[in-house]
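Below, read A as the first sequence line, B as the second, and so on, with proteins coming before strands; counting in each chain starts at 1.
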Amino acid sequence: MTDSKATLKASSKASSKVQGSTQNKLPPKENFSEWYHELLMTAEIIDNRYPVKGMCVWFPFGFAIRKNVYGIIRELLDPDHQETQFPLMIPENEFMKEAQHIKGFEDEVYWVTCGGTTPLDVKLALRPTSETAIYPMFKLWIRSHADLPLRIYQIVNTFRYETKHTRPLIRLREITSFKEAHTVHATWEEAAAQVEVAIQRYSEFYRRLAIPFLVSRRPSWDKFPGADYTTAIDVIMPDGRTLQVGTAHHLGSTFARTYEITYEAENGEQKLVNQTCYGISERCIAALISVHGDERGLVLPWVVAPTQVVIVPILLGDKEKVIDVCRHLQQKLAAAQFRVQLDTSDERPGAKFYRWEMKGVPIRLEVGPRDIEKGVVTMARRDGVKIALPIDGLERSLIVQAEELQAAIYNKARLFAENKVKEASSIAEAREMTKFGVALVPWCGEEDCGHQLEDQVEANLLGEPQYQSFTEAACAVCGAKTAKRTYMARQY
RNA sequence: GGGGCCAUAGGGUAGCCUGGUAUCCUACAGGACUGGGGGUCCUGUGACCGGCGUUCAAAUCGCCGUGGCCCCA
């Protein structure tokens, strides 16, 4: 009796102490929604307090991450794409031309109907995506086979009046960072090859972010409105739901017909062009944050971290000397092209550690009298590794550490993702699996069976995995023999 | 599309049932001692989502709006 009381008292005392020292700790990641919202705010990525539903403000720190992330996209596209910029507003007559396309978007369009107090003769749509802004211009730009292929992209904001509840970076009414590429080709086959190129570039992009992903061909009822087919990239989020983080659409000649985009072939014949478009939005940053982050905050890959190395001085003894050594170190690392910061703020070292961990800084260097005496710095990596490194040749050893960190966070993410994808041979199994992850289900490919799957499993069909082959199995609905599979998941 | 919960300093909360003086932690500003994992003390700053209604009196009760979260289709 007395014992248990004493234990209780001791533990409650301990827990209150823990509470006192961990006030800014995030909720557990298992509670993903709460964790996600708090992290966005505490790590200063997105301020969700802007008073319009579905429209958020980028904190400067979040925007710095965005700049680095989109820098990679530019780097990957720039060799054979040209960056451009089209207007935000699209006249109603152009917007309404392509019937299939309108059907997909008309409930989500914001309309500008007045200029000041004067009603407009022609309403203006805020782009939900830019096909109908860009393709009338393509008609003017493209005259001959020599103009093809044409590949452009723009990184712009788009507007969609979402009726489901919005989520920062994931479901927005203003998408602030929509990278949309649009390409034009002579033949259907060339366009199909371009879709493959797009998927390869996106794959490389997510590899650099150390994010594992799934590639699948969307079922016909879930393709982009007006497309021949859609290939998509999905990321498995911590709660097992999937987030579509990239799409590539083969548009065939659908828009070419509507917007009369033709070219003169070598033989003088006027032919319709074939087109593709492919996009990535700030959802890639939602994935980045969610896949790698932990209860201490962000974990950023080296390539996108606004601060790659932070130096925390341990001010004991000869403080002047410690600061001096830190400054030299900072200069040395800056000269070696590291994004390095020296934290001289008036806080305890521990408080600084927590702060920079929340910001996801890959490498922290602690420099105190003990280190200086030995000619080392104490290096703490964001994945928990903590060792002493000699100041001599530090630049090189930090690069090694950065590579190891990249490998470590990728492996952690890959293990998680692999554990979330399981084969299911029946509807019942698929239904169980999609509660916490992704099911790989035999599907004959018939639309009827697909709809039944979605209804009965109570999850969405992501589509047929690409670049994989499977053994024959029975379609989970009709039982027909098939070598096809589909991913199924609950989607964001 | 349907249903439920909620809105209080920069952030997190208590109070609301039973109407009256707004509590605590954190943050921020100034000062002192400190400093190898969220320090201590002193002083100070700062809030009831918006509108309408009921009332002598509304954070609290009612209606409408706006916004957030969750569940189901």
Side-chain angles (χ1 to χ4, degrees), chain A residues 14-27 30-57 59-61 107-108 161-174 239 241 294-297 310-323 325-326 343-359 361 364-374 376-382 384-389 431 434-435 451-452 454-460 490-492:
Chain A
S15 77
S16 74
K17 195 178 175 188
V18 168
Q19 266 184 8
S21 63
T22 57
Q23 278 120 0
N24 294 330
K25 201 174 175 183
L26 297 167
E30 290 79 60
N31 192 351
F32 175 64
S33 189
E34 210 181 310
W35 174 87
Y36 178 73
H37 282 271
E38 289 219 9
L39 176 60
L40 287 180
M41 195 69 183
T42 312
E44 296 184 303
I45 297 163
I46 288 288
D47 196 330
N48 195 23
R49 291 171 300 178
Y50 189 76
V52 178
K53 181 182 168 69
M55 300 190 185
C56 301
V57 178
F59 279 113
F61 179 74
D107 291 340
E108 296 184 358
Y161 185 76
E162 293 286 353
T163 51
K164 291 183 180 184
H165 81 267
T166 53
R167 256 195 193 83
L169 299 178
I170 291 176
R171 176 163 278 120
L172 296 160
R173 287 188 172 175
E174 180 185 8
D239 60 356
R241 293 165 77 174
D294 61 23
E295 270 146 53
R296 289 192 167 180
V310 63
I311 303 168
V312 177
I314 308 299
L315 297 173
L316 286 168
D318 189 348
K319 297 180 181 181
E320 290 297 317
K321 173 142 191 231
V322 172
I323 285 287
V325 170
C326 287
D343 187 348
T344 54
S345 66
D346 188 23
E347 274 179 312
R348 311 270 293 207
K352 294 180 186 178
F353 298 167
Y354 281 100
R355 191 175 303 283
W356 289 107
E357 278 165 2
M358 180 59 69
K359 292 287 183 77
V361 173
R364 176 181 78 235
L365 301 178
E366 301 168 22
V367 180
R370 282 196 323 238
D371 304 291
I372 293 172
E373 203 178 310
K374 293 183 210 153
V376 300
V377 296
T378 302
M379 192 257 359
R381 236 161 60 181
R382 186 58 180 80
V385 173
K386 189 165 175 174
I387 52 171
L389 293 175
R431 185 206 279 264
T434 51
K435 282 178 186 161
H451 288 310
Q452 283 195 49
E454 289 193 327
D455 285 350
Q456 294 177 31
V457 175
E458 295 178 333
N460 295 110
R490 292 171 306 129
Q491 285 178 294
Y492 269 101

Name the pairs: protein N/O against N/O of nucleotides 65-73 of chain B, kept only if under 3.5 Å.
| from | atom 1 | to | atom 2 | distance (Å) |
| --- | --- | --- | --- | --- |
| B:G68 | OP2 | A:K53 | NZ | 3.2 |
| B:C69 | OP1 | A:H37 | NE2 | 3.3 |
| B:C70 | OP1 | A:S33 | OG | 2.2 |
| B:C70 | OP2 | A:H165 | NE2 | 3.3 |
| B:A73 | OP1 | A:E458 | OE2 | 3.2 |

Under 3.5 Å, which N/O atoms of the protein pair with N/O atoms of nucleotides 2-12 of chain B?
| from | atom 1 | to | atom 2 | distance (Å) |
| --- | --- | --- | --- | --- |
| B:G10 | O3' | A:R49 | NH1 | 2.7 |
| B:G10 | O2' | A:R49 | NH1 | 3.3 |
| B:G11 | OP1 | A:R49 | NH1 | 3.3 |

Every protein N/O within reach of nucleotides 31-35 of chain B N/O, cut-off under 3.5 Å:
| from | atom 1 | to | atom 2 | distance (Å) |
| --- | --- | --- | --- | --- |
| B:U34 | O2' | A:R348 | NH1 | 3.2 |
| B:G35 | O6 | A:K319 | NZ | 3.3 |
| B:G35 | N2 | A:E347 | O | 2.9 |

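A:R296 pairs by the salt bridge (charged side-chain N to carboxylate O under 4.0 Å, His left out) definition with A:E357, not counting sequence neighbours. A:Y161 meets the ring-ring contact (aromatic ring centres under 6.0 Å, His included) test with A:Y110; sequence neighbours excluded. Residues that satisfy the side chain to side chain donor-acceptor pair (under 3.5 Å) test with A:K164, not counting sequence neighbours, are absent from this structure. Here A:K319 pairs with nothing under the salt bridge (charged side-chain N to carboxylate O under 4.0 Å, His left out) rule; sequence neighbours left out. A:D371 meets the salt bridge (charged side-chain N to carboxylate O under 4.0 Å, His left out) test with no other residue; sequence neighbours excluded. Here A:H165 pairs with nothing under the ring-ring contact (aromatic ring centres under 6.0 Å, His included) rule; sequence neighbours left out. Judged as a side chain to side chain donor-acceptor pair (under 3.5 Å), and not counting sequence neighbours, A:K374 has no contacts.
Here salt bridge (Lys or Arg N to Asp or Glu O under 4.0 Å) pairs that include residues 30-43 of chain A, with residues two or more places apart or in two chains, number zero.
Separation of the P atoms belonging to B:C52 and B:A32 is 49 Å when rounded to the nearest angstrom. As rounded to the nearest Å, B:C25 and B:C61 have P atoms that lie 27 Å from one another. To the nearest whole angstrom, the two C1' atoms, one in B:U26 and one in B:G39, are 15 Å apart. Taking atom P on both B:C72 and B:G11, the two are 30 Å apart, rounded to the nearest angstrom. Of the P atoms belonging to B:U55 and B:C16, the separation is 24 Å, rounded to the nearest Å. Only the P atoms considered, B:A73 is 37 Å distant from B:U60, to the nearest whole Å. Here the separation of B:G36 from B:U40, taken at their P atoms, is 13 Å to the nearest Å. For the P atoms, the distance linking B:A58 with B:G62 amounts to 16 Å, nearest Å.
For the side chain to side chain contact (heavy atoms under 4.5 Å, CB included) criterion with A:K386, the lone passing option out of A:M379, A:R364, A:R381 is A:R364.
Going from atom CD1 of A:I311 over to atom C1' of B:G36 covers 16 Å, rounded to whole Å. A:R364 has its CZ atom 12 Å from the P atom of B:G38, to the nearest Å.
At B:G36, none of the side-chain N or O atoms of A:T378 fall inside 4.0 Å of OP1 or OP2 (strictly under the cut-off).
Among the atoms of the strands shown, none is found under 4.0 Å from any heavy atom of A:E454.
Considering only heavy atoms from C-beta on, A:I46 stays 4.5 Å or farther from A:V57 through its side chain. Using a 4.5 Å heavy-atom threshold, the side chains of A:R241 and A:F32 count as separate. Using a 4.5 Å cut-off on side-chain heavy atoms (C-beta onward), A:R370 and A:T378 make no contact.
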>> As a check on the pairing definition, encode RNA chain B in dot-bracket form, counting Watson-Crick and G-U wobble pairs whose two distances are under 3.5 Å, and using | for partners outside this strand.
In response: (((((((..(((.......[...)))(((((((.....)))))))...(((((..]....)))))))))))).
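Aromatic stacking of A:F353 on B:G37: not satisfied for centres closer than 5.5 Å together with planes under 30 degrees.
Cation-pi check for A:R167 over A:Y492 is not met; the charged atom does not lie both under 6.0 angstrom from the ring centroid and within 45 degrees of its normal.
Annotation: A:K321, atom NZ; neighbour count of heavy atoms from other residues, nucleotides and ligands within 6.0 Å does not exceed 12.
Considering only the side chain of A:R370, B:G36 comes nearest among B:G37, B:G1, B:G36.
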